[in-house]
Number of protein chains: 4
Amino acid sequence: MPDRGRPRDVRADRAILASALELMAEQGVHALRIDDVAARAGVGKATIYRRYRSKDELVVEAVGKLIDREIEVPDSGSTRTDLLVLMREAVGFYGETLAATVMPSIVDELSRNEELAALVRDGYLKGRRAALQVVFERGIERGDFHRELDIEFALDVLAGPLFYRLLVTADPLDDALAQAVVDLIMRGFAPT
Amino acid sequence: MPDRGRPRDVRADRAILASALELMAEQGVHALRIDDVAARAGVGKATIYRRYRSKDELVVEAVGKLIDREIEVPDSGSTRTDLLVLMREAVGFYGETLAATVMPSIVDELSRNEELAALVRDGYLKGRRAALQVVFERGIERGDFHRELDIEFALDVLAGPLFYRLLVTADPLDDALAQAVVDLIMRGFAPT
Amino acid sequence: MPDRGRPRDVRADRAILASALELMAEQGVHALRIDDVAARAGVGKATIYRRYRSKDELVVEAVGKLIDREIEVPDSGSTRTDLLVLMREAVGFYGETLAATVMPSIVDELSRNEELAALVRDGYLKGRRAALQVVFERGIERGDFHRELDIEFALDVLAGPLFYRLLVTADPLDDALAQAVVDLIMRGFAPT
Amino acid sequence: MPDRGRPRDVRADRAILASALELMAEQGVHALRIDDVAARAGVGKATIYRRYRSKDELVVEAVGKLIDREIEVPDSGSTRTDLLVLMREAVGFYGETLAATVMPSIVDELSRNEELAALVRDGYLKGRRAALQVVFERGIERGDFHRELDIEFALDVLAGPLFYRLLVTADPLDDALAQAVVDLIMRGFAPT
DNA sequence: TAATAACCGAGACGGTACGTCTCGTCTTAGG
DNA sequence: CCTAAGACGAGACGTACCGTCTCGGTTATTA
């Protein structure tokens, strides 16, 4: 009997996630208190725990909402331009306060939370990587890259420095970074 | 009067750090409980807090011990070989169970623990980056790289894909990665 | 418009009270959960709250049903026999499992539930005491008791030991008790 | 290892019980909140739960403290006077606000809490009943009572009306009650 | 040698967040 | 307008962990 009883209140769904994201952005994932989420959302704690089995799961879902963005494959005719568009989009996204604040905790969570790992890897990364893959394949056709290009590795090179700065060195994510990475890719993987 | 009273027990020092590292490796930094460290080390909690002002500080110190490795600048005569030596060393280190297990939590901690951030960035990264910098400078002298090479960026490219795999995609850290990164660097930053 | 819409289901009325009594007998009034009553009665919670404003009121009503017994004034011609009949009836009633199980909780509830207190005192005790009063008055007429007999006090003496055993000492309620109490009354209140 | 570690703080012991008793007297046993006890006692909740496994157990202990009174056997030479002294003492005690407020909940608890039942029956009632038993035995010697007097029953008659009023009818506990009960006992159990 | 001072393991302390539970109300779809 | 099912806001429950403090006892250096 799936549809019996009072249905879940969609406004509560939204209020909970919104409050959680706000609080995470304000004080960090670490300092997130379920009681605070409930209070800000104007909701009982049970209403949260009916939706998420634990605080971790709430964080997962909130992050899921945060990173759930449609990505479209650019097609300017120029491989360099297309890569730059995608890199700038990524730099812009991870440069946002909320994403930047939350990401370290997410990464930590990834290592012990299979569910979150699946969500992030399959739901988010896969999409971005697929878009980039198309661009790389077009690049190969155009003769911008040599034919043995290891696309997986190329993707790691695009994303790696960005995450390294975000998570480890705390150096700025800016347009210069996007350009430098794309330049390196164009040169380093050019046909011999 | 600095030397009055019973001196600290060095065995306690060691037992605390060892227990902390073991527990971090077993269950993650997140699940580390001071009570558990005390119990495993056969030590009272006060004995821990006499040495470290907080749990965070204990983690910092334990991680410090873990990553405190002398690094020597290779000088084989070949820039590629030297870079490869350093990359392989890094791949080997982060491929170790303990380092790999602990790193995501460290990264999380970095974002809100200034002290740990300083320790990791100044005490550890700085050393490795200095070694790499020497190799890059020699490479420029030798004519392997163009003279405007942005060494900071080159370092990000070396480390980025490694951390990206370690923290985000969970793809393997292997020799192929080391070679691919070094190859890319050699090609991408070659003189025009 | 009193008769519009679907009429209340009488089976629900009965199921609710029956389930409440069963659960009270099984686990005590204390452990009674409205959700459990609803589940056992196969009824929604709202159906209960439409009938009883609160859990307390449900308990009141359930107990009311339990103790709602017609009492008839015995008239054997012998005061001792009449008192004995009434005492035996009481001993039999409070010896019943359900009544005995529920009574301590009822007593607790009496002290803070005015409504229940009224129901029990006016609806139930009053009836029994009235019956006994008649017997005592006949006894005075017959010359079995002195004329200054404080009937209120006599009633307390009849009921007191019974409740004391039931609630405090957990000693058995048996025929010997009934006889001893009646004997004491007959002697202690005999004319001088 | 019984004496290792920091010993329990006796002031906390006292503060907890005192606060619990105060709150029980103010609002009833029913409305007692562990958080309130902790707050009023200036104590953490864990400090309460270290001493008492549950709220019920705290209530038990608090009540134990409340009813833990030395009782001495009066010996005036007159059986009536001795009984009256003991009855007045009881009437005075149960007339106190705290005892009267708490008793219904205690009685309810007795029926499902073996530990409390033992405490109350063996620790408290037994003492009072023993004192009364001495008085009755002296009375038999003096010829105030017939020799077949069932002392157990006599005790039930002394205590019964008192508890009946306290728990059921809410009629006053006063000196008149004490006197009436003693009078009844003296007459009803007089030698034939 | 005795006193002094800081150490030691054990574990209680006040505080705070957790995740669970129950209350009495409210909201669905359906009879 | 009733019904069964079950979600809702509120708030107490008992647990767990933090960082501090207290106990009896130990181990050095200083007097």
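Atom set for the values below is all heavy atoms of this structure, side chains included, hydrogens, waters and symmetry mates excluded. The sequence lines fix the lettering, A, B, ..., with proteins before strands; numbering per chain opens at 1.
Look at CZ on A/Arg8: it is 5 Å from P on F/dA7, rounded to the nearest Å. As rounded to whole Å, 16 Å separates atom P of F/dT15 from atom OH of D/Tyr52. We find that CD1 of B/Ile48 is positioned 13 Å from P of F/dT20, with the value rounded to whole Å. Residue A/Tyr49 contributes atom OH, which lies 17 Å from atom P of E/dT22 at whole-angstrom precision. Between the CG atom of B/Leu58 and the P atom of F/dT20 there is a distance of 14 Å, given to the nearest Å. Nucleotide F/dC18 holds its P atom 15 Å from the CD atom of B/Glu57, rounded to whole Å.
Closest heavy-atom contact between D/Leu166 and D/Met103: CD2-CG, 3.8 Å. Between C/Leu23 and C/Arg40, the shortest heavy-atom distance links the atoms CD2-NH2, 3.5 Å. For B/Ala62 against B/Leu21, the heavy-atom pair with the smallest separation is O-CD2, 3.7 Å.
Residue-to-nucleotide contacts include no donor-acceptor pair under 3.5 Å from the side chain of A/Lys55 to the base of E/dG19. Put simply, the side chain of B/Lys45 and the base of E/dG9 share no donor and acceptor less than 3.5 Å apart. Remark: the D/Arg6 side chain and the F/dC21 base include a donor-acceptor N/O pair separated by less than 3.5 Å.
Minimum atom distance to the side chain of B/Ala46 is reached by F/dT22, of the listed E/dG24, F/dT22, E/dG14. Checked against F/dT3, E/dA12, E/dG15, the side chain of C/Arg50 finds its nearest nucleotide in F/dT3.
Near DNA chain F, meaning a heavy atom under 4.0 Å away, the residues from residues 32-40 of chain D are D/Leu32, D/Arg33, D/Ile34, D/Asp35.
Nucleotides of DNA chain E nearest to C/Asp56 and D/Val43 differ in position, and the one nearer the 5' end is that of D/Val43. Both C/Ala41 and A/Arg51 lie near DNA chain F, and the one whose nearest nucleotide falls closer to the 5' end is C/Ala41.
Taking 4.5 Å as the limit, some side-chain heavy atom of D/Arg50 sits within range of a side-chain heavy atom of D/Arg8. Looking at heavy atoms from C-beta onward, D/Val43 lies out of side-chain contact with D/Val37 at the 4.5 angstrom threshold. Counting heavy atoms from C-beta on, the side chains of D/Val59 and D/Glu109 never come closer than 4.5 Å. A heavy-atom distance below 4.5 Å is found between the side chains of A/Tyr52 and A/Leu17.
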Decide yes or no on side chain to side chain contact (heavy atoms under 4.5 Å, CB included) for D/Leu167 and C/Leu110, but give the supporting numbers first.
CA-CA 8 Å; D/Leu167 300 171; C/Leu110 281 183; over 6 Å; no

Trace of the side chain to side chain contact (heavy atoms under 4.5 Å, CB included) decision for C/Asp108 with D/His30
CA-CA 9 Å; C/Asp108 185 23; D/His30 189 78; 5.5 Å; no

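Here D/Arg33 does not pair with D/Asp35 in a salt bridge; the nearest charged N to carboxylate O distance is not below 4.0 Å.
Residue B/Arg11 is out of contact with every strand shown, counting any heavy-atom pair closer than 4.0 Å.
Contact annotation: C/Arg53 does not reach the phosphate of E/dC23 (side-chain N/O to OP1 or OP2, under 4.0 Å). Contact check, A/Thr47 against F/dA7: no side-chain N or O comes under 4.0 Å of OP1 or OP2.
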Which protein N or O atoms sit under 3.5 Å from an N or O of nucleotides 1-4 of chain E?
none

